[in-house]
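Working notes, beginning with the structure itself.
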Number of protein chains: 2
Amino acid sequence: MSELEQRCTEAGLKMTGQRRVILKVLDSAEDHPSVEDVYDRARKIDESISIATVYRTLSLLDELELVIRHEFQEGYSRYELNSDHHHHLIDLETGKVVEFQNEDLEKLKIKIAHDLGYDLVDHRLELYGKRIKKK
Amino acid sequence: MSELEQRCTEAGLKMTGQRRVILKVLDSAEDHPSVEDVYDRARKIDESISIATVYRTLSLLDELELVIRHEFQEGYSRYELNSDHHHHLIDLETGKVVEFQNEDLEKLKIKIAHDLGYDLVDHRLELYGKRIKKK
DNA sequence: GTAGCTGCAAACTCTTTGCAACTCT
DNA sequence: AGAGTTGCAAAGAGTTTGCAGCTAC
């Protein structure tokens, strides 16, 4: 039983075949798949999975914070496993998503919120850029 | 003719009654109204405006960059006039939106993108927080 | 006069949900 | 056995669009 499956079981979820497949898809994803993506990949393993189950499972995983739901400005959601904290730079020409971390940024965010009289609970930072062309 | 109307005319838009009303609503908004909000406020001035026109007008204004379209994590869009550059902190308890600017942040964003090999074209930063309670 | 704009209703996209059947535990 | 889960299809929310008539220029 994978660590992910274990965490689901601990949270009280029944470990069904469909869930196992979806978790596997997420675990082996190296990108930030949309619901459609997860659905397509899951179907390659088990033809019978329905998209409603994918939606329901992803929602549950989001509630358990095992997964992070992103809404890059595309009109739908993308998901990724919740591991190390990081941000995203979206390549406007290719749609590629580059992950990054920055310590200064983390500190600055907290400071800004604090200066405004708030405790930072959550945040969202996305950069949208174009690759610098080498001459 | 307001400055906003003028900028629309210059961009080649016909200045219809509906557009004038919508621009007025945006111009006098002190918040970040949703499409519904704009629609409701516009209807108070002109009963006959349809929501399709509000959607179409806001899209146009967004293309012209006269307006900024936000998608805070709510499942719909909010708009504001595009004036000075700033970011938003959303109060998780009240939904209130606090605007802020931060020079260090601006520099840092550009630097991060550049270090990753990208020219920063656009970005999105939102903080979600809870007001610090005074004792 | 005519290109562009409007209201209306239908269509679209993404997501959620009611329900009866099924399946983990 | 029974609560939780599933697939299906229908419904929802927000947004877009085709069309015939209207209007600013």
Nearest-Å distance, CG (Leu13(A)) to P (dT25(C))? 11 Å
May I have the step-by-step check of side-chain contact (heavy atoms from CB on, under 4.5 Å) for Leu58(B) and Val35(B), ending in yes or no? CA-CA 8 Å; Leu58(B) 289 172; Val35(B) 175; 4.0 Å; yes
Which atoms form the tightest heavy-atom contact between Ile22(B) and Val54(B), and what is the distance? CD1-CA, 3.9 Å
Ring centres of His88(A) and Phe72(A) under 6.0 Å apart? yes
Should the pair Phe100(A) and His87(A) be assigned to parallel (<30°), tilted (30 to 60°) or perpendicular (>60°) ring geometry? tilted
Quick check with a 6.0 Å cut-off and a 45 degree axis cone: is Arg131(B) positioned over the face of Tyr118(A)'s six-membered ring? yes
Is Glu93(A) atom CD crowded by more than 12 heavy atoms from other residues, nucleotides or ligands, each under 6.0 Å away? yes
Per the under-4.0 Å heavy-atom filter, residues of residues 39-66 of chain B near DNA chain C come out as Ser48(B), Ile49(B), Ser50(B), Ala52(B), Thr53(B), Arg56(B)
Per the under-4.0 Å heavy-atom filter, residues of residues 14-27 of chain B near DNA chain C come out as Lys14(B), Thr16(B), Gln18(B), Arg19(B)
Measure the spacing between OG of Ser28(A) and CD of Glu30(A) and express it to the nearest 0.5 Å. 8.0 Å
Where do Gln101(B) and His86(B) come nearest, in terms of heavy atoms and distance? CG-CB, 3.7 Å
On a heavy-atom basis, the closest approach of Arg41(A) and Ala29(A) is NH1-CB, 3.7 Å
Going by an N to O cut-off under 4.0 Å, is there a salt bridge joining Glu5(A) and Arg7(A)? no
Outermost DNA chain D nucleotides near chain B [under 4.0 Å, heavy atoms]: dG14(D) to dC25(D)
